[in-house]
Amino acid sequence: MVEFLVENYDLAATLTSGQAFRWRWVDGAWEGAVAGRWVCLRQEKNRIHAQTALPVDDWTWLRHYLQLDVNLGKILDTFPMDEPMQCSVRSCAGLRLLRQEPWECLASFICSSTKRIVQIQQIIALLCRRFGDPVTVPHGHEPIHTFPHYAKLAEASESDLRECKLGFRAPYLLKTARKLRDGEVDLKALRGLPLEEARAQLLQLPGVGIKIADCVLLFGYGFQQAFPVDVWIMKALRQLYFPKRRVKLPRLRHFSQTHFGPHSGYAQQYLFHYMRTKGKA
DNA sequence: GGCCAGGCGCGTA
DNA sequence: TACGCGCATGGC
């Protein structure tokens, strides 16, 4: 059990904002698995309480995952002052980017294409239950599994994966797992590469296009200028920035790379959240 | 019952 | 290079 002091941190918004897919809301707290450990998170104002099943004395892994040492205010200060951006920030101050394990992030987003977030969560839960390893959980809590290593998925068959509701994404995930197992792409080696080179590596993997590559670069590696453009972001850019004309995707991508500053990835997450929640509650 | 979902890969012009 | 389409599945 530990308590972190935080400022400007909206845990619930962050864990449900479509970047991670494994968190469950149970009795007023968030249960999940990070770095192979069961962990339960609960926020009360400026404190985040964390509980694990087994004793922990070094919490670096969780601080890193939650990005507790990021000064969000400084990042928000770099955003453009235009109305859509400021409006997005006002709608959810405290939204954060997590730093996930790259393989889990990559596999999750291969599963994500033309799926709603709820369905992505279902697929990943099935994958973990079937191929992951059980994690120690306190008495009385739901069982949870690790996210299966690519070497494990590489041994599966396409129909095994289709049974996890992957549909046409099954061969993509399988081929990518096998490529990683065979060392054709080394996810560890992407750290520290220039953005373009890291993206080129990811694009070699089946089922990975620019959008999914950018999700992995942003959520798994922390490349601050990776800016995933999905249907929601496309809608945001067209409605909020180019309402009068029909702008094509390449132009939107160029705009996204030049307009939002050195932390454009964060800006993207705010726009995404704003578009998904505006009009509701 | 049609439409759409944090897309990608491939065929055709 | 630039479109258009098929691909599974489920919720509304």
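Per chain, numbering begins at 1; letters A, B, ... match sequence-line order.
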Salt bridge (charged side-chain N to carboxylate O under 4.0 Å, His left out) evaluation trace for A/R130 with A/D160
CA-CA 9 Å; A/R130 176 145 182 183; A/D160 289 335; 3.0 Å; yes
Nucleotide range of DNA chain C lying under 4.0 Å from chain A heavy atoms:
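With heavy atoms of chain A under 4.0 Å away, the range is C/dC3 to C/dG11.
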For [N] and [M], measure between their [atom1] atoms and round to the nearest Å.
N	M	atom1	result
C/dA8	B/dG1	P	22 Å
C/dA2	B/dG6	P	27 Å
B/dC4	C/dG6	C1'	16 Å

Do A/R178 and A/E155 meet the salt-bridge criterion of a basic N to acidic O distance under 4.0 Å?
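Salt bridge absent between A/E155 and A/R178.
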Which of these passes ring pair (Phe, Tyr, Trp, His ring centres under 6.0 Å) with A/F260: A/F227, A/Y266, A/Y270?
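The residue from A/F227, A/Y266, A/Y270 that satisfies ring pair (Phe, Tyr, Trp, His ring centres under 6.0 Å) with A/F260 turns out to be A/F227.
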Do A/V137 and A/E142 have side chains that approach each other closer than 4.5 Å (heavy atoms only, starting at C-beta)?
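When only atoms from C-beta onward are counted, A/E142 and A/V137 do not touch, as no gap falls below 4.5 Å.
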How does protein contact run along nucleotides 4-13 of chain B, one letter per nucleotide 5' to 3', with B for base contact, S for sugar-phosphate only, - for none, heavy atoms under 4.0 Å?
BBBBBS----
Both conditions, 6.0 Å and 45 degrees, for the charged tip of A/R42 above the ring of A/W30: are they met here?
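No.
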Select base, sugar-phosphate, or nothing to describe what A/R169 touches, counting heavy atoms under 4.0 Å on all strands.
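Base, at least one base atom sits under 4.0 Å.
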Please classify the nucleic acid contact of A/K248 as base, sugar-phosphate, or nothing, using heavy-atom distances under 4.0 Å.
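Result for A/K248 = sugar-phosphate.
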Donor-acceptor pair, distance only, cut-off 3.5 Å: does the side chain of A/Q201 make one with the backbone of A/E196?
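Not confirmed, A/Q201 side chain does not pair with A/E196 backbone.
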Parallel, tilted or perpendicular: rings of A/F168 and A/Y172 (30°, 60°)
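Plane angle over 60°, so perpendicular.
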Single-linkage hydrophobic cluster A/F4~A/L72, side-chain heavy atoms < 4.5 angstrom:
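The answer is no; the residues belong to distinct hydrophobic clusters.
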